[in-house]
Student: 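Pasting a structure below so you can have a look.
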Amino acid sequence: MDGPEAARRAAFGVLAERWDEGKSPEAIAEGVLEGLSLLGDLGGLRVVDLGAGPGRLEPFLLPRLGGGRVVAVDYSPEMIVRGAARAPDVRVTWLCRDVADAGLPSDAFDLVLCFNAFPHFPDPATVLGEARRWLVPNGRLLVWHDLGRTRLAEVHRRAGRAVERDLLPPVEELSETARRAGFEVERADEDDASYTLLARRRP
């Protein structure tokens, strides 16, 4: 890898050191739990944490999984190191890979989660197509943010060149992309403080 993509990955490595500085642990917990509360019983599920970053989900997700398993995927080695340190649990497999080349099997997971990461994927249709492939029929996808699009764009602008153009599409636009990828959209809403897409893979 070289050129702009290598520079972008290196920039995410630098950002990993201060990824959580902008929010208190309480605010992070509130955002995570707001999404997980939509999903009901998670016991025994096989989960993909897409764009896992420094492992924000795992401390809250693992107690709900029981004997379930998580594959946490992020393309920044530094993010993966931090995530694995935060959640050193044998139920989590940490993969440093690009989503388009994650190597995950088809029809193998019950749930794909993407918290505060979706704008960092340059091709939403590819991401949703891969998520659909990984999921079993009727498996669920949850994409959510604890900021609205306008506020998130400002956060990314301040964060620097690596992410300043990483923007969320309007939720209805993402919903249509999800439908084309083979999902039935169950919830799609956004406001100044949140953004949520919950969908189910069509059989």
Side-chain angles (χ1 to χ4, degrees), residues 28 31-53 55-58 60-62 64-66 68-75 79 83 87 91-95 97-149 152 166-191 194-203:
I28 293 171
V32 171
L33 294 173
E34 184 72 21
L36 296 184
S37 70
L38 302 176
L39 298 171
D41 182 16
L42 301 180
L45 296 190
R46 300 158 297 175
V47 181
V48 177
D49 178 5
L50 184 57
R56 283 180 169 179
L57 286 186
E58 280 66 28
F60 307 96
L61 178 60
L62 288 168
R64 292 165 169 75
L65 286 185
R69 296 288 185 270
V70 181
V71 177
V73 182
D74 199 282
Y75 93 154
M79 291 287 193
R91 292 173 293 170
V92 186
T93 300
W94 294 91
L95 294 181
R97 296 179 186 170
D98 188 276
V99 61
D101 192 29
L104 299 182
S106 301
D107 304 312
F109 296 93
D110 306 294
L111 179 63
V112 174
L113 301 175
C114 185
F115 175 60
N116 280 2
F118 202 83
H120 304 308
F121 304 123
D123 186 349
T126 295
V127 174
L128 296 180
E130 283 296 279
R132 193 265 180 203
R133 182 178 66 78
W134 300 333
L135 286 166
V136 298
N138 292 310
R140 291 175 294 173
L141 165 73
L142 175 62
V143 175
W144 82 109
H145 284 257
D146 56 1
L147 284 177
R149 285 190 294 120
L152 183 63
D166 292 1
L167 305 176
L168 273 169
V171 74
E172 283 303 324
E173 180 180 319
L174 188 61
S175 297
E176 182 56 33
T177 304
R179 293 185 185 99
R180 290 196 300 268
F183 286 96
E184 178 183 344
V185 175
E186 298 184 343
R187 176 172 175 169
D189 55 58
E190 61 175 310
D191 55 30
S194 66
Y195 182 104
T196 305
L197 175 74
L198 178 62
R200 188 179 297 271
R201 177 193 154 175
R202 292 195 295 266

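Hydrogens, waters and symmetry mates play no part in the numbers below; they use all other heavy atoms, side chains included.
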Student: Within this structure, what is the CG-CD distance for the pair Leu135 and Glu130, rounded to the nearest 0.5 Å?
Tutor: 11.0 Å

Student: Do any N or O atoms from the side chain of Asn116 and from the backbone of Asp146 form a donor-acceptor pair under 3.5 angstrom?
Tutor: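 Yes; at least one donor-acceptor contact below 3.5 Å.
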
Student: Taking all non-hydrogen atoms of both residues, which atom of Asn138 and which atom of Arg200 are closest, and how far apart?
Tutor: O-NH1, 2.9 Å

Student: Does the side-chain contact (heavy atoms from CB on, under 4.5 Å) test come out yes or no for Leu128 and Leu174, once each step is laid out?
Tutor: CA-CA 9 Å; Leu128 296 180; Leu174 188 61; 3.9 Å; yes

Student: Can you tell if the side chain of Arg140 reaches within under 4.5 Å of the side chain of Leu45, non-hydrogen atoms only?
Tutor: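 Yes, side chains in contact.
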
Student: To the nearest 0.5 Å, how far apart are SG in Cys114 and NE2 in His145?
Tutor: 6.0 Å

Student: So, for Ile28 and Arg56, which heavy atoms are closest and what is the spacing to 0.1 Å?
Tutor: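 In this case the closest contact between Ile28 and Arg56 is CD1-NE, 3.9 Å.
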
Student: Distance check, rounded to the nearest 0.5 Å: Glu172 atom CD versus Thr177 atom OG1?
Tutor: 11.0 Å

Student: Taking all non-hydrogen atoms of both residues, which atom of Thr126 and which atom of Ala100 are closest, and how far apart?
Tutor: CG2-CB, 4.1 Å

Student: Is there a side-chain contact (heavy atoms from CB on, under 4.5 Å) between Leu142 and Thr196 once you walk through the steps?
Tutor: CA-CA 7 Å; Leu142 175 62; Thr196 305; 4.0 Å; yes

Student: Quick one: sort the Trp144 and Phe115 rings into parallel, tilted or perpendicular, breaks at 30° and 60°.
Tutor: tilted

Student: Which heavy atom in Trp134 sits nearest to a heavy atom in Ala102, and how many Å separate them?
Tutor: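 Result for this residue pair: CZ2-CB, 4.1 Å.
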
Student: Could you state the interatomic distance from CG (Leu168) to CG (Leu197), rounded to the nearest 0.5 Å?
Tutor: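 These two atoms lie 10.5 Å from each other.
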
Student: Within the distance-only criterion (no hydrogens, no angle test), does the side chain of Glu58 pair as donor or acceptor with the backbone N or O of Ala87 below 3.5 angstrom?
Tutor: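 A pair under 3.5 Å: no.
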
Student: Under 3.5 Å, is there a donor-acceptor pair between the side chain of Tyr195 and the main chain of Pro169?
Tutor: yes

Student: Looking at Val92 and Ala72, what are the two nearest heavy atoms and their distance?
Tutor: CG1-CB, 4.2 Å

Student: Give, for atom CG of Leu62 and atom CZ of Arg69, the distance between the pair rounded to the nearest 0.5 Å.
Tutor: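 Nearest 0.5 Å value for the CG-CZ distance: 10.0 Å.
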
Student: When rounded to the nearest 0.5 angstrom, what distance separates CZ in Phe109 from CG in Leu141?
Tutor: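 Taking CZ in Phe109 and CG in Leu141, the distance rounds to 14.0 Å.
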
Student: Dump the intermediate steps for side-chain contact (heavy atoms from CB on, under 4.5 Å) on Leu57 and Val47, then the final yes or no.
Tutor: CA-CA 11 Å; Leu57 286 186; Val47 181; over 6 Å; no

Student: Sort out for me which residue in Arg133, Arg132, Arg46, Arg201 forms a salt bridge (Lys or Arg N to Asp or Glu O under 4.0 Å) with Asp107.
Tutor: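 It is Arg201, the one option of Arg133, Arg132, Arg46, Arg201 that forms the salt bridge (Lys or Arg N to Asp or Glu O under 4.0 Å) with Asp107.
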
Student: Is there a side-chain contact between Leu39 and Leu113 (heavy atoms, below 4.5 Å)?
Tutor: yes

Student: What pair of heavy atoms forms the shortest contact from Gly129 to Ala181, and how long is it?
Tutor: N-CB, 4.2 Å

Student: For residues Val127 and Pro124, determine if any side-chain heavy atom of one lies less than 4.5 Å from a side-chain heavy atom of the other.
Tutor: no

Student: Please check if the side chain of Asp98 supplies one atom and the backbone of Tyr75 the other of a donor-acceptor pair under 3.5 Å.
Tutor: no

Student: For Asp101, does the CG atom sit with more than 12 other heavy atoms under 6.0 Å from it, leaving out its own atoms?
Tutor: no

